[in-house]
Colleague: 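Below are the structure tokens for one structure; questions will follow.
Fair warning: this is a prediction, and the values are worked out from it, not measured in the lab. Residues: numbered from 1 along the sequence shown.
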Amino acid sequence: MSEPKSVFIERGGVRLHALDHGSEGEDKPIILLLHGAAAHARWWDHIAPGYKDMLRPVATDHRGHGDTGWQDEYIFEDLLRDVAAWVEWAKAQSGRKPWMLAHSMGGVIALNLFALEPPDIEGLIVVDSPLRTTDAILAEVRAFGNRPARPWASRELFVEKFRLLPASDKVNPDTIAHIARHAVRQNGDGGWTVKADRRFHATRPETDQRAGWLRVETPALLVAGELSDRLKSDSLEWVREKVSQVETAVIPGAHHHVFMDEPDAFIRVTRAFLKRKIAATGERSASRTV
């Protein structure tokens, strides 16, 4: 697996970071990969190669996460505007509208961007993002945010103690170790601290994604984990009823971290959707030029 290349843009005084799994000048549309809460762009490392024959995967770090900068006070709308900036960057890079693949909080951000101002993208895949951030979800992430960030004597110790939230016993231990190694940075004193700024999660606002779904007019797929506690069957039914053009898929045996619990099934389902929609896009473009 080749090492992705870091890309930086700046917005609102914050240096935004992403990992480009393709190459500049590549003749393919970009697919932007948006991670979840307290995660980072390297969560997609084992998934991104599954799309490289069709698209150019670029995984972003939200502000306060990964290798993107922190700020003194977080306003949720800033994260939406950051994604909009990446969409414009992607269009300038490839000359074509990008696709978007977003997990958990990444999907929350994408859908709230649609509610604010629908981005100019070709299509959207949302993975196990709740229709509403319930009290139970907020209590979990705010508890994480309010715990002081402890220093770690070594990266190896952090990797040993790292656990997914919510928990999953299905993820390959090598995948967990990989994302854990990239979740910390070394301090000047030789210790290690988590890259995610806990203050962001301590003040995470309540959001309702239904308004965003109602403004999605591009091709879209909603993927749920069969065993997830984030996206339940009643939420899937609401999307099927209210946004009938959105396709839905449930991955058997998967919890919230769908693409890590069942990576082969996840890639198979999302590739099938992308392949069909990319082909349809090409047919529409050809018909317009005849």
Colleague: List the steps, then state whether side chain to side chain donor-acceptor pair (under 3.5 Å) holds for Q186 with R155.
Modeller: CA-CA 8 Å; Q186 194 165 25; R155 175 187 270 180; over 6 Å; no

Colleague: For F158 and F162, take the angle between the two ring planes, folded into 0 to 90°, and tell me which bin it lands in: parallel under 30, tilted 30 to 60, perpendicular over 60.
Modeller: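 Rings of F158 and F162: tilted, as their planes differ by 30° to 60°.
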
Colleague: Do the side chains of D45 and R42 get nearer than 4.5 Å, heavy atoms only?
Modeller: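 In short, these two side chains touch, coming nearer than 4.5 Å.
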
Colleague: For the pair D128 (side chain) and G225 (backbone), establish whether a donor and an acceptor sit closer than 3.5 Å, ignoring hydrogens and angles.
Modeller: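 Yes, because the side chain of D128 sits within donor-acceptor range (under 3.5 Å) of the backbone of G225.
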
Colleague: May I ask you to check whether H257 and W43 place their ring centres under 6.0 Å from each other?
Modeller: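 Yes, close enough.
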
Colleague: Closer than 3.5 angstrom, by distance alone: can the side chain of E226 be matched with the main-chain N or O of G253 as a donor-acceptor pair?
Modeller: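 Answer holds: yes.
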
Colleague: Are V269 and L231 linked, directly or through other ILVMFWY residues, by side chains that come within less than 4.5 angstrom of each other?
Modeller: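 Unlinked, V269 and L231 end up in two clusters.
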
Colleague: Within the 4.5 Å heavy-atom criterion, are V126 and V223 side-chain neighbours or not?
Modeller: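 Sidechains of V223 and V126: no contact.
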
Colleague: Take M54 and K28 through the side chain to side chain contact (heavy atoms under 4.5 Å, CB included) test and state the conclusion after the steps.
Modeller: CA-CA 7 Å; M54 296 186 292; K28 293 174 186 172; over 6 Å; no

Colleague: For H65 and H35, take the angle between the two ring planes, folded into 0 to 90°, and tell me which bin it lands in: parallel under 30, tilted 30 to 60, perpendicular over 60.
Modeller: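 Tilted: the ring planes of H65 and H35 meet at 30° to 60°.
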
Colleague: If you look at every heavy atom in W70 and G64, which pair is closest and at what distance?
Modeller: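 Heavy atoms only, the tightest pair is CD1-CA, 3.7 Å.
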
Colleague: Tell me whether D61 contacts the main-chain N or O of D67 through its side chain, where contact means a donor paired with an acceptor under 3.5 Å.
Modeller: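 Side chain of D61 to backbone of D67, a donor-acceptor pair under 3.5 Å: yes, one is there.
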
Colleague: As a test of understanding, state which of L111, L221, L101 forms a side-chain contact (heavy atoms from CB on, under 4.5 Å) with L124.
Modeller: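 Looking at L111, L221, L101, the match for L124 under the side-chain contact (heavy atoms from CB on, under 4.5 Å) is L111.
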
Colleague: Can a donor-acceptor pair be found, under 3.5 Å and without considering hydrogens, that links the side chain of K195 to the backbone of H182?
Modeller: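 Judged by distance alone, yes, a pair lies under 3.5 Å.
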
Colleague: Check D229 against P166 and note the closest heavy-atom contact, atom names and distance.
Modeller: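 For D229 versus P166, the nearest heavy atoms are OD1-CG, 4.2 Å.
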
Colleague: Taking side chain as C-beta onward, heavy atoms only, is I278 less than 4.5 Å from W99?
Modeller: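 They are in side-chain contact.
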
Colleague: Report yes if the side chains of N112 and L79 come closer than 4.5 Å at any heavy-atom pair, otherwise no.
Modeller: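 No, side chains not in contact.
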
Colleague: So do the side chains of K170 and H255 get within less than 4.5 Å of each other, counting heavy atoms only?
Modeller: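 They are in contact (side-chain heavy atoms under 4.5 Å apart), so the answer is yes.
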
Colleague: Between R199 and D197, is a salt bridge (Lys or Arg N to Asp or Glu O under 4.0 Å) present by the stated rule, with each step listed?
Modeller: CA-CA 5 Å; R199 294 174 304 162; D197 187 353; 2.6 Å; yes

Colleague: Cation-pi check for F114 against R215: NZ or CZ below 6.0 Å from the six-membered ring centre and within 45 degrees of the axis, yes or no?
Modeller: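 Judged by the rule (NZ or CZ under 6.0 Å from the ring centre, within 45° of its axis), R215 is not positioned above F114.
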
Colleague: Looking at every non-hydrogen atom in both residues, tell me the closest pair between R185 and G66 and how far apart they are.
Modeller: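 Heavy-atom minimum between the residues: NH2-O, 3.1 Å.
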
Colleague: Looking at side-chain heavy atoms only, is the closest gap between S228 and V258 below 4.5 Å?
Modeller: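 Heavy-atom side-chain distance check fails, nothing below 4.5 Å.
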
Colleague: I would like to know whether R96 and D27 meet salt bridge (Lys or Arg N to Asp or Glu O under 4.0 Å); could you show each step before the answer?
Modeller: CA-CA 10 Å; R96 293 188 253 182; D27 187 26; 2.8 Å; yes

Colleague: Centre-to-centre under 6.0 Å for F259 and W44, is that the case here?
Modeller: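 When the ring centroids of F259 and W44 are compared, they turn out to be within the sub-6.0 Å range.
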
Colleague: Shared ILVMFWY cluster between F200 and V14, side chains joined below 4.5 angstrom?
Modeller: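 Result: yes, single cluster for both.
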
Colleague: Determine, using the 4.5 Å side-chain heavy-atom cutoff (strictly less than), whether L19 and W89 are members of one ILVMFWY cluster.
Modeller: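 Cluster IDs for L19 and W89 differ.
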
Colleague: What about H46 and H178, are their ring centers closer than 6.0 Å?
Modeller: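 No, ring centres 6.0 Å or more apart.
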
Colleague: May I ask you to test the P263-I47 pair for a side-chain heavy-atom distance under 4.5 Å?
Modeller: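 Side chain of P263 against side chain of I47, heavy atoms only: contact under 4.5 Å found.
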
Colleague: How about P4 and D20: do any of their side-chain heavy atoms sit closer than 4.5 Å?
Modeller: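 Sidechains of D20 and P4: no contact.
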
Colleague: Just checking H62 against H17, ring centres under 6.0 Å apart?
Modeller: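 Here the rings of H17 and H62 have centres that are no less than 6.0 Å from each other.
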
Colleague: Would you say the side-chain atoms of R63 pair up with the backbone N or O of D82, donor to acceptor, closer than 3.5 Å?
Modeller: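 No: the side chain of R63 does not pair with the backbone of D82.
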
